[in-house]
A.B. asks: 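Before I ask anything, here is the structure I am working with.
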Amino acid sequence: MDQFDLFIIGAGSGGVRAARMAASYGAKVAIAEDRYMGGTCVNVGCVPKKLYSYAAHYRYDFIDSKGFGWNSDIPEFDWNQLRDNKIIEISRLNGIYDDLLENSGVTVFKGKATIKDKHTVLVNESEISTKHLLIATGGWPFVPEFPGCELAVTSNEIFDLPVFPKRILIVGGGYIAVEFAGIFAGLGSETTLSYRGEIPLKNFDKDVRNTLFLESQHHMTMLMSSNVSSISQIEDGLEVTFKEGNSLVVDTVLYATGRKAKTEGLGLENLDVKTRANGSIEVNEYFETAEPGVFALGDVIGRVALTPVAIAEGMVLASNLFNDTKQVLEYSLIPTAVFSHPNIGTVGLTEAEAREKYADIEIFESDFRHLKHTLSGNNERTYMKILVDKDSRIVLGTHMLGTDAGEIIQGFAVAMQCGLTKEQLDSTIGIHPTAAEEFVTMRQERA
Ligand code: NDP
């Protein structure tokens with residue numbers, strides 16, 4: 001029987017990083033994966049999503065280019081070509097993940113791992129023994145039960161649709177719904193977004209959400225306070241009826257109504273691990289479950305379902321286990337982007353959170369038309385907002401909606417990590433002419 005120091009179930013972002021780091025500290029490590037190397041992010045998440053988002057942006061670039069003298073029509077979009085190129089690229093990345101693990105000395109098991117007890121895992125009928133066990137199995141799309149729900153697809157299937165949907169309904173108001181709505185609208189689908197709340201992205205800053213809501217209306221139909229009651233197959237496509245009494249016929253319905261921890265069939269019942277009502281695994285600050293020697297991290301713990309966070313968690317755990325440290329991950333200043341059209345980039349508190357936590361805050365904002373659009377004729381707005389604690393002068397939140405918001409906000413996340421103050425922003429020299437320079441030139445507090 002093989003004996004490992006660490007056996008990891010799930011070769012996604014968190015599992016792979018934990019494996020490689022643990023191996024680099026000299027541990028004997030194994031990892032099991034039954035689906036695809038790299039997990040959700042590489043296969044049906046961040047990476048293909050960003051590629052499709054680039055594809056969608058070309059539409060607006062073609063349109064915008066006319067004002068700059070490029071007199072051509074929008075070329076025809078070929079879904080099959082995008083999808084097949086994506087498949088090639090993702091399989092290249094799968095291979096890179098295999099190589100990275102192999103070169104790190106990690107033993108890879110391709111197959112479903114089942115936990116027999118905290119020191120024993122079964123994979124492909126072999127019994128493997130381990131000192132420590134890490135559960136990094138990620139999440140899985142959640143679709144509520146209703147008549148016809150089986151006709152909907154999720155983010156697991158959407159990238160590989162055999163036929164491009166000329167009409168698409170996207171249900172949800174989180175990251176995935178908003179991103180795919182922008183993607184399919186850009187690729188040329190007649191796109192409808194149905195959200196049960198008033199305005200999508202409920203945990204984001206309200207001014208950013210409002211601006212995205214207004215911008216989105218130029219590209220798609222936004223059905224708000226809208227609830228699907230059924231989907232049925234008809235000759236012309238899928239007929240969707242809503243509780244509000246309206247109906248719609250589309251080619252594809254994408255459900256993006258959240259994700260749940262993926263623990264089914266793992267054998268958790270053989271451990272003393274505690275799970276929450278939504279299935280996610282409870283861990284303490286050191287990623288220890290209630291069962292000694294069994295750890296969990298990434299989407300399966302239901303904290304922050306973001307690839308860079310899972311990676312950071314993997315590094316902390318590996319170091320604590322095999323490098324004699326006792327680190328705790330700091331979750332307070334996690335930057336994030338929504339690859340909506342236009343993009344959102346954000347770090348720190350929203351205005352509502354800042355008002356709740358601080359006695360007095362200052363708000364600086366800027367809403368403008370990008371220099372590029374003076375010639376393109378595009379009316380798209382760029383919005384930026386800075387929240388400052390009046391007392392300490394520390395910047396509490398930086399938010400942006402506009403081209404490359406994610407790229408721009410990353411730098412501000414570094415500065416905020418270093419305790420950025422408003423005065424330091426003000427004394428920073430801008431790069432002209434850029435949109436980002438607005439962040440260092442906002443002097444007038446919002447009334
Ligand atoms: P989210 O949790 O972000 O959003 C789920 C949405 O579905 C919410 O708007 C929610 O409504 C709605 N919803 C939930 N249940 C129902 C229901 N029964 N009926 C109708 N609507 C429902 O999940 P996503 O699936 O969009 O994304 C999962 C996670 O993946 C994200 O939270 C994020 O952490 C990560 N992700 C990150 C990306 C990035 O970094 N760019 C991109 C994509 C995903 P309500 O608002 O009312 O709760």
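What you are looking at is a predicted structure, and each value in this text was computed from that prediction instead of being measured. We count ligands from 1, going down the list as the structure has it; atoms in each ligand are counted the same way.
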A.B. asks: May I ask which of Lys202, Arg259, Glu145 has a heavy atom nearer to atom 28 (C) of ligand 1 than the others do?
C.D. replies: Arg259
A.B. asks: Specify the protein heavy atom at minimum distance from atom 46 (O) of ligand 1: its residue, its atom name, and the distance to 0.1 Å.
C.D. replies: Tyr195 OH, 2.6 Å
A.B. asks: For the pair Lys49 and Glu179, evaluate salt bridge (charged side-chain N to carboxylate O under 4.0 Å, His left out) and give the outcome as yes or no after the intermediate values.
C.D. replies: CA-CA 8 Å; Lys49 179 275 309 292; Glu179 289 183 342; 2.7 Å; yes
A.B. asks: One thing to verify: whether Glu380 and Arg369 come together as a salt bridge, which I'm taking to mean a side-chain N less than 4.0 angstrom from a carboxylate O.
C.D. replies: no
A.B. asks: For atom 4 (O) of ligand 1, which candidate among Ala337, Pro141, Gly174, Ser53 provides the closest heavy atom?
C.D. replies: Gly174
A.B. asks: When rounded to the nearest 0.5 angstrom, what distance separates OG in Ser155 from CG in Leu254?
C.D. replies: 7.0 Å
A.B. asks: Hey, could you give me each pair passing side-chain hydrogen bond (donor to acceptor under 3.5 Å, both in side chains) that has a residue in residues 399-410? Not counting sequence neighbours.
C.D. replies: Thr346-His399
A.B. asks: With Tyr195, which residues qualify under ring-ring contact (aromatic ring centres under 6.0 Å, His included), at least two apart?
C.D. replies: none
A.B. asks: Could you find the nearest protein heavy atom to atom 37 (C) of ligand 1 and give me its residue, atom name and distance?
C.D. replies: Tyr175 CD2, 3.5 Å
A.B. asks: Give me the one residue out of Phe180, Phe146, Phe142 that meets ring-ring contact (aromatic ring centres under 6.0 Å, His included) with Tyr255.
C.D. replies: Phe146
A.B. asks: Let me confirm one number: the OG-CG distance from Ser13 to Asp299, rounded to the nearest 0.5 Å.
C.D. replies: 8.0 Å
A.B. asks: How far is atom 42 (C) of ligand 1 from its nearest protein heavy atom, and which residue and atom name does that atom have?
C.D. replies: Glu179 OE1, 3.2 Å
A.B. asks: Can you check which of Ile344, Thr257, Val309 brings a heavy atom nearest to atom 21 (N) of ligand 1?
C.D. replies: Thr257
A.B. asks: Just to be sure I'm reading this right: ignoring hydrogens, which of Pro144, Ser226, Ala256 gets closest to atom 18 (N) of ligand 1? Compare them by their nearest heavy atoms.
C.D. replies: Pro144
A.B. asks: Name the option, out of Arg196, Lys49, Glu198, Lys50, that contains the heavy atom nearest to atom 47 (O) of ligand 1.
C.D. replies: Arg196
A.B. asks: Looking at Glu351 and Lys206, is there a salt bridge between them, counting it only when a charged N and a carboxylate O are closer than 4.0 Å?
C.D. replies: yes
A.B. asks: What pair of heavy atoms forms the shortest contact from Trp79 to Leu161, and how long is it?
C.D. replies: NE1-O, 2.7 Å
A.B. asks: Counting heavy atoms only, which of Gly258, Gly406, Pro200, Gly139 comes nearest to atom 5 (C) of ligand 1?
C.D. replies: Gly258
A.B. asks: Tell me the protein heavy atom at minimum distance from atom 9 (O) of ligand 1, and give that distance in Å.
C.D. replies: Gly173 N, 2.9 Å
A.B. asks: Taking atom 34 (O) of ligand 1 as the point of reference, which of Ala305, Ala177, Gly197 owns the nearest heavy atom?
C.D. replies: Ala305
A.B. asks: Could you check atom 40 (O) of ligand 1 against the protein and tell me its nearest heavy-atom contact, residue, atom and distance included?
C.D. replies: Leu306 CD2, 3.4 Å
A.B. asks: Could you say whether the N/O atoms of Ile176 and ligand 1 ever approach to under 3.5 Å?
C.D. replies: yes
